[in-house]
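This report concerns only the one structure given below.
Keep in mind that what you see is a predicted model, and the values were worked out from it rather than measured. As the structure lists them, so they are numbered: ligands from 1, and atoms in each ligand from 1.
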Amino acid sequence: MSNDTLGRAVIVVPTYNEAENLVWIVGRLRAAEPGVDVIVVDDGSPDGTGAIADGLAAADAGVRVVHRLEKAGLGAAYLHGFAVALEVGYDVIGEMDADGSHQPEQLQRLFDALDHADLVIGSRWVPGGSVVNWPLTREALSRGGNLYVRMLLGLPVRDSTAGFRLFRRTTLDKIDLGSVRSSGYVFQTELTYRTVQAGLRVVEVPIEFVERVRGDSKMSGAVARESLRKITVWGVRERVRRSRRRLAEARR
Ligand SMILES: Nc1nc2c(ncn2[C@@H]2O[C@H](COP(=O)(O)OP(=O)(O)OP(=O)(O)O)[C@@H](O)[C@H]2O)c(=O)[nH]1
Ligand SMILES: [Mg+2]
């Protein structure tokens, strides 16, 4: 199995108020991929998710928990989880939501593709990918956002905001995580962008994304505005960089 040649793997699962989902999703993950460990990163969820995660870790040596004091955004939680995973020495470090939108049973598809990639994204918007139970407005927002990213940044990626992923350790080592400042979902786009800029290979595999059934979404206007603002700034910088390069080449 490809997982064996890739080394030790861990999936980082950020949580904020996922008490209704965590046992279910971690159980599915451990059943689908018994060789893959889990790091839950909880931002002091008032609904007791942190204590539930501690219970899982006490019963299963493959699960560990990072407790953070307050809700500081998805990006900050992932950076913390990645730092722990790198410190422990994992070779493959993944991302997955706790709300059931990403199906652990489809994780093997991502591992299979990691053989010839530095970052694998479980993608809703490549042929074969799909979304279950999303309102049209949500789909339009995701498709539109991804189109904007492709146009402005020239990224050859259909679903750069997706949060079902596998990174090789070497990829995280090369993209300077210390300078990442994005806190909301634009964090995903920033990491994709950095991976492409570093000349590394990004491969998308189709997944079926299922809208959460239990618990509340953390998507907010502030999160969407951060995305729009950052992508626009990066896009302008990208244009300046490209025209400077063209000018320099013309002078040669
Ligand atoms: N630690 C931490 N986790 C977060 C934070 N915000 C969101 N999450 C988790 O990140 C994952 C994705 O968040 P969701 O609320 O599902 O976002 P979404 O998938 O865009 O929204 P829905 O489609 O409504 O589910 C979930 O596991 C959340 O619990 C945060 O600030 N800190
Ligand atoms: Mg979700």
Output the list of atoms in ligand 1 that are nearer than 4.0 Å to some heavy atom of R138, sorted by atom number.
18 (P), 20 (O), 21 (O), 22 (P), 23 (O), 24 (O)

CD1 on I39 to NE2 on H80, rounded to 0.5 Å:
9.5 Å

Any N or O on S217 sitting closer than 3.5 Å to an N or O of ligand 1?
yes

Closest non-hydrogen atoms of A98 and N21, given as atom of the first, atom of the second and distance, are O-CB, 3.2 Å

Under a 4.0 Å N-O cut-off, is there an ion pair linking E190 with K230?
no

Taking Q106 for its side chain and E208 for its backbone only, find out whether a donor-acceptor pair lies under 3.5 Å.
yes

Between the Mg ion (ligand 2) and D97, is there an N, O or S atom separated by less than 2.8 Å?
no

Which of the numbered atoms in ligand 1 are under 4.0 angstrom from any heavy atom belonging to V41?
1 (N)

Atom 17 (O) of ligand 1: the protein heavy-atom neighbour that sits closest, reported with distance to 0.1 Å:
Y185 OH, 2.6 Å

Less than 3.5 Å between some nitrogen or oxygen of T15 and one of ligand 1, yes or no?
yes

Atom 14 (P) of ligand 1: which protein heavy atom is closest, and how many Å away?
R212 NH2, 3.4 Å

Between K218 and E18, is there a salt bridge with N-O shorter than 4.0 Å?
yes

Counting only heavy atoms not in E249, do more than 12 fall under 6.0 Å of its CD?
yes

Within this structure, what is the CG-OG distance for the pair D159 and S142, rounded to the nearest 0.5 Å?
5.5 Å

Polar atom proximity, A77 to ligand 1 (N or O, under 3.5 Å):
no

min-distance N/O/S atom, D99 vs the Mg ion (ligand 2), resolves to OD2

Where does the angle between the aromatic ring planes of F167 and F82 fall among parallel (under 30°), tilted (30 to 60°) and perpendicular (over 60°)?
perpendicular

Would you say R68 touches ligand 1, if touching means a heavy atom closer than 4.0 Å?
no

For atom 6 (N) of ligand 1, which of the options H67, K71, E70, E95 provides the nearest non-hydrogen atom?
K71

Shortest protein heavy-atom distance from atom 11 (C) of ligand 1, along with the residue and atom involved:
D97 OD1, 3.5 Å

Between R8 and D91 (salt bridge meaning N to carboxylate O under 4.0 Å), is one present in this structure?
no

Has ligand 1 got any nitrogen or oxygen that is less than 3.5 angstrom from a nitrogen or oxygen of D99?
yes

Between K218 and ligand 1, which residue portion shows a heavy-atom distance shorter than 4.0 Å: side chain, backbone, both, or neither?
both

For atom 32 (N) of ligand 1, which protein heavy atom lies nearest, and how many Å away is it?
D43 OD2, 2.8 Å

Determine whether the side chain, the backbone, both or neither of L74 has a heavy atom under 4.0 Å from any heavy atom of ligand 1.
both

Applying a heavy-atom cut-off of 4.0 Å, say which part of A98 lies close to ligand 1: side chain, backbone, both or neither.
both

Between N17 and ligand 1, find which residue part has any heavy-atom pair under 4.0 Å and reply side chain, backbone, both or neither.
neither

Write out the residue and atom name of the closest protein heavy atom to atom 9 (C) of ligand 1, then the distance separating them to 0.1 Å.
P14 O, 3.5 Å

What is the minimum heavy-atom distance between L74 and Y185, and which atoms define it?
CD2-CD2, 3.4 Å

Is the shortest distance from a heavy atom of G73 to ligand 1 less than 4.0 Å?
yes

Between D43 and K71, does at least one N-O distance fall below 4.0 Å, as a salt bridge requires?
no

Between the main-chain N or O of S101 and the side-chain N or O of E211, is there a donor-acceptor pair closer than 3.5 Å?
no

Cation-pi check for W24 against R214: NZ or CZ below 6.0 Å from the six-membered ring centre and within 45 degrees of the axis, yes or no?
yes

Run the numbers for me: atoms of ligand 1, each under 4.0 Å from some heavy atom of E18, listed by number.
26 (C), 27 (O), 28 (C), 29 (O)

